Protein chains: 2
Amino acid sequence: MQTGNTAAQATRQIGVRPRVTIADVASDLGVTKSTVSRALNGYPDIAEATRLRVSRAADRLGYRPLAHAQAIRTGRVRSLGLVLQIDNEDSARPFLANFIAGVTQTASEQNWTITIATAETEKGVQDTLSRLVDEHKADGFILPRTLIHDGRVEKLRTQNVPFVMFGRTSDPTGCAWYDIKGEDAMRAAATRLASLGHTRIAHVPGGSQYTYSQLRIEGYREGLEAAGLKFDPNLVGAPALTRKAGDASTRALLELPEPPTAITFAVDRAALGAYRTAEDLNLRIGEEISVIAYDGVPEGAYANPGLTTFAVNSRQAGERLAALLIKRIRGTAPEQLRELAPATLVERGSDRPPRLTPAELAQCLRNQSNL
Amino acid sequence: MQTGNTAAQATRQIGVRPRVTIADVASDLGVTKSTVSRALNGYPDIAEATRLRVSRAADRLGYRPLAHAQAIRTGRVRSLGLVLQIDNEDSARPFLANFIAGVTQTASEQNWTITIATAETEKGVQDTLSRLVDEHKADGFILPRTLIHDGRVEKLRTQNVPFVMFGRTSDPTGCAWYDIKGEDAMRAAATRLASLGHTRIAHVPGGSQYTYSQLRIEGYREGLEAAGLKFDPNLVGAPALTRKAGDASTRALLELPEPPTAITFAVDRAALGAYRTAEDLNLRIGEEISVIAYDGVPEGAYANPGLTTFAVNSRQAGERLAALLIKRIRGTAPEQLRELAPATLVERGSDRPPRLTPAELAQCLRNQSNL
DNA sequence: CCCCTTGCCGAAACCGGTTTCGGAAGTTTG
DNA sequence: CAAACTTCCGAAACCGGTTTCGGCAAGGGG
């Protein structure tokens with residue numbers, strides 16, 4: 001009987017000394033398990049003196065309740081779930097470590113842990129989520145990268161599983177969230193560029209399926225109008241999430257009859273693509289063409305000139321999301337669990353007054369292609 | 001009684017429909033729980049026909065065993081533990097996402113999950129590890145970034161908790177591991193540079209507390225000797241893990257009376273620091289100074305010229321580590337769970353034949369500082 | 001002085017599984 | 001054809017906690 005053997009072996013393996021259980025603590029004190037349990041969990045029908053005796057004995061004996069043993073009765077495994085979508089390429093996510101660090105920090109403080117899974121496709125994420133819910137591997141979930149129409153949200157909502165989103169969604173009913181005010185950042189970016197003297201300011205949005213993308217475009221538009229500039233749909237480029245796409249999108253914008261002298265990017269990585277465009281077209285970032293982006297990826301600091309960007313504190317995001325989710329699991333209404341935080345401007349060298357007017361820039365580009 | 005309320009609330013919250021338990025399946029078939037359990041777990045004392053009936057009924061009813069309910073008897077929570085050290089700054093770890101993806105992929109295939117925690121200091125990691133072990137949040141652990149003398153290893157070894165290391169350690173007793181042959185990579189790097197015509201080849205090691213660092217130095221040394229070059233201790237620079245440190249270390253090497261025309265780096269990030277040095281000193285990477293590094297960070301591709309490096313497949317590492325750990329937990333001896341994989345050379349532009357001899361390079365640098 | 005609270009804790013059920021033990025059939029052996 | 005094995009499954013204990021229920025003793029009110 002193989003199964004029996006290995007299982008017995010494992011139980012022997014994992015602790016050298018046998019675990020100290022709640023029964024051990026109880027018999028040590030000459031009370032019952034129930035008393036120990038209630039004392040440790042702060043029930044009101046336990047005398048203060050007893051509570052003290054119990055908690056001291058528990059400390060002395062080194063008693064640690066087994067989370068999964070508690071779970072079977074309480075229905076809580078004290079674990080937060082996180083299902084990440086790791087796409088093939090774009091997977092190098094520098095934020096991830098910080099984000100996870102934030103989540104686990106808050107979680108650890110309250111003696112919770114986090115359970116992580118990954119999937120490659122959107123459907124994969126849904127399936128994984130289902131599995132984790134079915135097996136109750138986590139008491140609730142953090143949903144990163146919220147989409148405008150998000151299958152995960154619907155699923156969890158109907159199954160009544162607590163969750164909190166990193167980002168907002170189209171139908172906020174029953175949703176808790178934490179988000180960065182990307183719209184404010186883009187508004188500030190646009191007005192900042194305008195006040196530097198730019199009059200043709202473009203925007204390269206992020207993935208259109210994401211909620212944030214819409215918001216940032218809106219912010220950009222507001223910024224323009226606040227500065228007295230007219231919104232020109234032609235100046236909203238093709239969506240770009242990668243260097244390559246950013247390069248292409250930038251190139252297309254510069255081919256406009258009246259090209260922009262400044263571009264706001266919804267995403268740092270796309271902005272770094274513009275550096276390549278500039279190099280190719282013999283333009284200088286921060287001179288002929290100014291750039292402000294969003295995210296705060298470390299590469300931005302090493303670009304030349306440094307990329308001016310609105311950085312998000314992903315560690316803090318992780319911390320807050322964990323805190324919100326734990327509250328949600330404990331029963332707080334989702335409507336009371338919504339937080340927005342600002343992105344912080346990191347000024348580097350990529351945004352400066354325009355060296356050329358749009359017309360001059362167009363001329364300059366035309367000369368080049370004639371060469 | 002507040003506690004009672006919220007708990008009841010949670011149980012109601014998490015499943016809309018009540019869970020289907022093993023008892024439901026049993027009564028549906030008119031057998032006992034024990035039969036269902038043994039049938040589902042492949043015990044040999046269940047008739048094949050019964051096994052079939054049971055597993056079909058389980059499917060039909062949508063029965064999923066509760067991992068933590070099983071755990072209480074079996075002692076297995078079906079979860080792999082991972083405690084990451086997230087240092088303050090260097091925390092931007094691009095591998096992490098891929099690594100985690102690898103781990104979770106293998107784990108998911110076998111219906112395991114992974115439990116992650118983070119800490120900032122070495123001691124914090126130890127404490128967190130202790131907590132997870134005490135609460136038995138995981139059945140075993142993956143230990144990344146193995147140190148030469150590693151407290152985690154000792155702790156887990158004495159407590160008899162299964163673990164597997166990413167990297168090797170000084171005392172391999174009872175250890176299972178997966179590692180990349182960094183020594184081979186560095187040997188290849190040195191011989192490659194030698195065959196390009198370099199005669200003064202330096203090495204900038206990684207953190208001295210890490211096992212890999214020693215191994216890579218050794219590989220570098222072997223490579224030199226294989227190429228008939230003498231090992232010169234002066235050409236082993238100061239350890240560097242960051243751009244900044246890499247810059248400093250490179251600078252120091254170039255100040256030698258007979259400076260190297262090529263440098264091997266134990267770590268990509270440090271090599272990128274050399275790009276800054278080169279810019280400052282008016283040298284061109286791949287011309288006056290050649291560079292080969294190790295890791296395969298994405299930034300290397302965007303450097304100019306691209307950084308030639310030995311890339312590690314961190315996704316695969318994650319997959320293998322998870323597989324090894326699961327075997328380890330199931331009882332395979334650690335000695336049988338040791339794997340090494342090669343790093344793969346990514347040729348870009350940073351390594352080319354030397355444009356100057358060491359003497360000429362020294363002269364060139366002297367001229368500059370006179371300016 | 002008795003009855004009724006109230007405070008505090010023990011006994012036992014319970015959560016959802018796994019595992020031990022034993023026994024009723026069916027099968028083989030002598 | 002009885003005795004001895006097998007095969008297969010039910011009954012019940014068990015894992016380590018939590019929670020319900022009830023009861024005893026002390027205290028308060030009439």
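For clarity, every value in this text was computed on a predicted model and none was experimentally measured. All chains are named by letter (A, B, ...) in the order of the sequence lines, taking the proteins before the strands, and each is independently numbered beginning at 1.
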> Please list, in numerical order, the residues of residues 23-36 of chain A that have a heavy atom closer than 4.0 Å to any atom of DNA chain D.
A/Lys33, A/Ser34
> Looking only at the side chain of A/Tyr63 (C-beta and beyond, no hydrogens), which of the listed nucleotides C/dG16, C/dC8, D/dG17 gets closest?
D/dG17
> If I take atom CD in residue B/Glu135 and atom P in nucleotide D/dG16, what distance separates them, rounded to the nearest angstrom?
16 Å
> Would you indicate which nucleotide in C/dG10, D/dG16, C/dG17 comes nearest to any side-chain atom of B/Ile22?
C/dG17
> Verify the contact: side-chain N or O of A/Thr74 to OP1 or OP2 of C/dC15, cut-off strictly under 4.0 Å; return yes or no.
no
> Taking the side chain from A/Ser314 and the backbone from A/Ala317, do they hold a donor-acceptor pair closer than 3.5 Å?
no
> Take the protein atom CG of A/Asn41 and the nucleotide atom P of D/dT20, then report the distance between them rounded to whole Å.
13 Å
> Of all the choices, D/dT18, C/dG17, C/dG16, which nucleotide is nearest to the side chain of A/Ile72 once you look at every atom?
C/dG16
> Does a sphere of radius 6.0 Å around CD in A/Glu122 hold more than 12 heavy atoms from other residues, nucleotides or ligands, not counting ones at 6.0 Å or beyond?
no
> Using a cut-off of 4.0 Å on non-hydrogen atoms, how would the nucleic acid contact of A/Ser37 be classed: base, sugar-phosphate, or nothing?
base
> Rounded to the nearest angstrom, tell me the gap between atom CZ in A/Arg73 and atom P in C/dA13.
13 Å
> From CZ of B/Arg51 over to P of D/dC8, roughly how many Å is that when rounded to an integer?
9 Å
> Could you tell me the separation between the CG atom of B/Asp45 and the C1' atom of C/dG23, rounded to a whole number of Å?
14 Å
> So if I take every side-chain heavy atom of B/Arg38 and compare against D/dA11, D/dC15, C/dG10, which nucleotide ends up nearest?
D/dA11
> Just the rounded figure in Å: distance from P of C/dG16 to CG of B/Leu40.
16 Å
> Under 3.5 Å, is there a donor-acceptor pair linking the side chains of A/Arg51 and A/Ser55?
no
> Starting at the 5' end of DNA chain D and moving along, which residue's nearest nucleotide shows up first, A/Pro65 or B/Arg53?
B/Arg53
> Over how many whole Å does the gap from A/Ile46 atom CD1 to C/dG10 atom P extend?
8 Å
> Whether A/Tyr43 contacts C/dC8 is assessed here as follows: a side-chain N or O lying under 4.0 Å from the phosphate OP1 or OP2. Is that the case?
no
> Less than 4.5 Å apart, side chain to side chain, heavy atoms only: is that true for B/Lys155 and B/Phe163?
no
> Pair up each side-chain donor or acceptor in residues 56-70 of chain B with any protein partner under 3.5 Å, not counting sequence neighbours, and list the distances.
from: B/Arg60; atom 1: NH2; to: B/Asp28; atom 2: OD2; distance (Å): 3.1
from: B/Arg64; atom 1: NH2; to: A/Glu135; atom 2: OE2; distance (Å): 3.1

> Can you check the A/Arg76 CZ to C/dC15 P distance for me, whole Å?
18 Å
> Could you verify whether a donor N or O on one side chain and an acceptor N or O on the other, from B/Thr32 and B/Thr35, lie under 3.5 Å apart?
yes
> Ignoring hydrogens and geometry beyond distance, is a side-chain donor-acceptor pair present between B/Ser79 and B/Thr115 at under 3.5 Å?
yes
> The side chain of B/Ala47 lies closest to which of these nucleotides: D/dC9, C/dC9, C/dG17?
D/dC9
